[in-house]
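This report concerns only the one structure given below.
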Amino acid sequence: MRAHLILALCLHLCSKAATEKCQLKHKGGNREFPANFSFGASTAAYQIEGAWNEDGKGLSIWDTYTHTNPERIRDRTNGDAAAESYHRFEQDLVALKELKVNFYRFSFSWPRLLPNADTTVINQKGIDYYNMMIDKLLANNIEPMVTMFHCDLPDALNKFGGFTNDIIIKYFHYYAEFLYETFGDRVKKWITFNEPFDYCVLGYGRAYFPPLVHSPGVADYLCMDNTLRAHAAAYRAYKAKYFSAQGGKVGITISSRFYYNQQNGGDESIVERAMQYSLGWLANPIFGKTGNYPQLILDDIWNNSMREGLSWSRLPAFDEFWSKVIKGSGDFLGLNYYTSRYAELADPADGEIPSWEYDSQLQYSVDEKWKQGKSDWLYCVPQGLEDILKWIRDHYDNVEVFVTENGWSDNGQLEDSERVDYLQAHLQAVLNAVNDGCNVTHYSHWSLIDNFEWNMGYTQKFGLFYLNLTSPNKERIAKKSARYYSSVIESGKIILS
Ligand code: NOJ
């Protein structure tokens with residue numbers, strides 16, 4: 001019995017010892033960020049606003065989903081009240097000022113502004129709320145960076161297919177023009193969509209997120225296709241009608257990990273395949289040379305579709321018209337980077353047929369040395385951020401990059417030393433990339449405050465500020481990481497913790 005205990009303890013300590021501290025070295029060059037480098041913090045409407053049915057707001061698919069499927073959320077919670085930011089923006093503003101951020105990245109709730117998704121009903125109370133936020137941010141020298149869509153699709157649109165119906169291109173185009181007209185005199189940084197791969201593959205492929213469609217390798221691809229076209233339509237409208245008077249920038253936020261190959265001795269072609277199947281899927285049509293999906297993906301999916309006896313590919317290339325509209329439709333690439341993986345070639349028989357897993361023929365693993373956050377998918381790999389920024393520099397003509405999200409999950413403790421390490425290491429990755437010629441100009445941390453983490457509810461906390469959900473005043477309390485981040489912003493240097 002004793003021997004067993006000793007063995008168990010040793011195994012525990014040994015496996016602990018195998019985990020490395022989350023850190024990254026300075027690789028030479030400047031120790032300071034460029035003088036015009038911008039630091040920010042990010043949130044999204046459904047995750048913080050609450051007020052789900054107040055003041056004329058319409059329903060989003062996340063309202064409906066959490067109400068009809070409470071068992072699907074780890075702690076059976078929802079965003080009905082969340083951080084109550086709809087009523088407590090002043091408290092968020094105090095937190096932003098304490099951080100001394102240059103910008104605040106937040107999202108508009110489409111159904112709060114247009115409850116029917118189209119412009120037949122315009123909700124003035126929603127406009128008033130966002131006007132108040134924007135004006136107060138600007139009065140405090142904090143630039144608003146607005147995401148137009150962050151998961152909360154109007155239910156009204158979902159009723160007839162959501163992202164799988166290409167009429168969404170028209171709806172989104174009208175919504176975008178309404179936003180430029182209403183807020184574009186003051187908002188100069190627009191992000192059309194946040195993480196299309198995630199809401200498409202998880203929402204229309206794997207049925208893990210609303211609208212719970214299980215149609216892998218088909219509906220998820222349609223969703224990404226319509227997203228790209230809706231994005232480009234909104235971008236072109238801005239350039240044609242608003243840019244000359246408003247002078248802002250429009251981009252899109254794409255999530256991606258970086259990939260390393262291990263088993264085949266660092267085979268570059270496997271790294272390339274993994275990168276094209278993640279970042280490249282959405283980035284290549286916009287920022288690449290062809291105005292289309294990566295050729296590797298088009299070929300794979302055409303071949304697989306023929307093998308499946310289909311009459312056309314599950315991922316048809318964009319025609320000449322759309323290719324022209326999409327190519328170059330981004331003033332910056334928004335990047336959400338959290339973690340990395342090893343990628344190896346998988347057995348061709350692996351994966352549900354059809355599916356993204358089957359088409360990509362890759363399998364992924366992690367390094368036991370990588371430190372893990374509270375989220376099962378989150379490992380600290382700061383080198384991956386440096387490498388993905390270099391990959392973007394080399395593949396997309398050094399396009400301007402905004403790191404729009406990067407963050408660490410834990411239990412919400414105030415002494416969040418692991419988040420401090422993560423933040424420090426990832427800021428070092430950004431600085432190393434800048435020193436290596438990457439055109440990265442903005443970094444934003446996810447998240448300003450603890451919030452609703454989708455299917456994980458409130459069980460995983462990403463905030464720089466702690467939020468006591470049960471306290472009547474929902475105070476935002478600075479964690480150690482908030483103090484650390486503000487010292488970096490103030491000095492423009494990475495302070496060693
Ligand atoms: C990315 C998403 O944009 C955000 O909504 C989410 O909370 C974070 N990742 C953490 O998972």
Side-chain angles (χ1 to χ4, degrees), residues 40-50 60-63 65-66 73-75 77-79 82-83 85 104-110 145-153 191-203 206 208-210 223-224 227 231 251-258 278-279 282 333-341 372-381 384-385 388 402-412 416 418-419 422-423 426 442-465 467 469 481:
S42 297
T43 60
Y46 185 75
Q47 296 177 272
I48 63 162
E49 279 182 6
S60 84
I61 56 172
W62 272 91
D63 294 313
Y65 165 75
T66 53
I73 311 298
R74 171 114 358 139
D75 54 2
T77 58
N78 53 48
S85 288
Y104 179 35
R105 174 184 179 239
F106 61 100
S107 79
F108 285 166
S109 158
W110 186 349
M145 179 186 284
V146 173
T147 314
M148 300 177 183
F149 176 81
H150 196 125
C151 301
D152 45 356
L153 186 74
I191 294 164
T192 53
F193 292 96
N194 179 70
E195 299 198 343
F197 181 89
D198 303 69
Y199 66 74
C200 290
V201 173
L202 301 179
R206 296 181 202 156
Y208 177 73
F209 280 168
C223 169
M224 287 195 267
T227 296
H231 157 81
I252 185 167
T253 282
I254 305 175
S255 59
S256 187
R257 297 168 178 176
F258 192 70
S278 55
L279 185 72
L282 293 145
L333 189 163
L335 173 72
N336 285 359
Y337 174 86
Y338 285 84
T339 192
S340 285
R341 291 286 185 273
Q372 191 178 5
K374 180 100 195 274
S375 312
D376 57 6
W377 51 270
L378 181 51
Y379 293 82
C380 175
V381 195
L385 177 55
I388 201 170
F402 297 177
V403 176
T404 42
E405 281 183 38
N406 171 242
W408 184 252
S409 58
D410 59 18
N411 290 319
D416 56 340
E418 288 185 359
R419 180 168 294 100
Y422 181 94
L423 182 53
H426 287 78
H442 293 63
Y443 170 90
S444 190
H445 196 76
W446 182 271
S447 176
L448 176 66
I449 49 179
D450 290 340
N451 60 53
F452 180 76
E453 177 59 10
W454 310 115
N455 281 2
M456 295 299 120
Y458 298 98
T459 63
Q460 299 174 1
K461 308 290 171 70
F462 280 88
L464 293 161
F465 284 77
L467 196 108
L469 281 169
S481 58

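Each ligand, and each atom within it, is numbered from 1 in the order the structure gives.
A side-chain N or O of Asp416 and one of Ser481 form a donor-acceptor pair less than 3.5 Å apart. Between the side chains of Asp198 and Ser255, a donor-acceptor pair is found at a separation under 3.5 Å. One side chain, Thr43 or Tyr104, offers a donor N or O that lies under 3.5 Å from an acceptor on the other. Side-chain atoms of Asn406 and Tyr422 form a donor-acceptor pair, as typed in the model, at a separation below 3.5 Å.
Here the shortest heavy-atom distance to atom 8 (C) of ligand 1, taken over Trp408, Tyr338, Tyr199, Phe462, belongs to Tyr338.
Under 4.0 Å from ligand 1, not a single heavy atom of Asp198 appears.
Considering only non-hydrogen protein atoms, atom 2 (C) of ligand 1 sits nearest to Glu405 OE1, 3.3 Å.
Residue contacts with ligand 1: Trp377 is included, with a non-hydrogen atom under 4.0 Å away.
The atoms of ligand 1 that sit less than 4.0 Å from any heavy atom of Asn194 are 3 (O). Short contacts between ligand 1 and Glu453, defined as distances under 4.0 Å to a heavy atom of the residue, involve ligand atoms 6 (C), 7 (O), 10 (C), 11 (O). Ligand 1 places these atoms under 4.0 Å from at least one heavy atom of His150: 2 (C), 3 (O), 4 (C), 5 (O). Near Glu195, the atoms of ligand 1 lying under 4.0 angstrom from a non-hydrogen atom of the residue are 1 (C), 2 (C), 3 (O).
Ring geometry for Phe462 versus Tyr338: interplanar angle over 60°, hence perpendicular rather than tilted (30 to 60°).
Classification of Glu405 and Arg105 as a salt-bridged pair holds, one side-chain N sitting under 4.0 Å from a carboxylate O.
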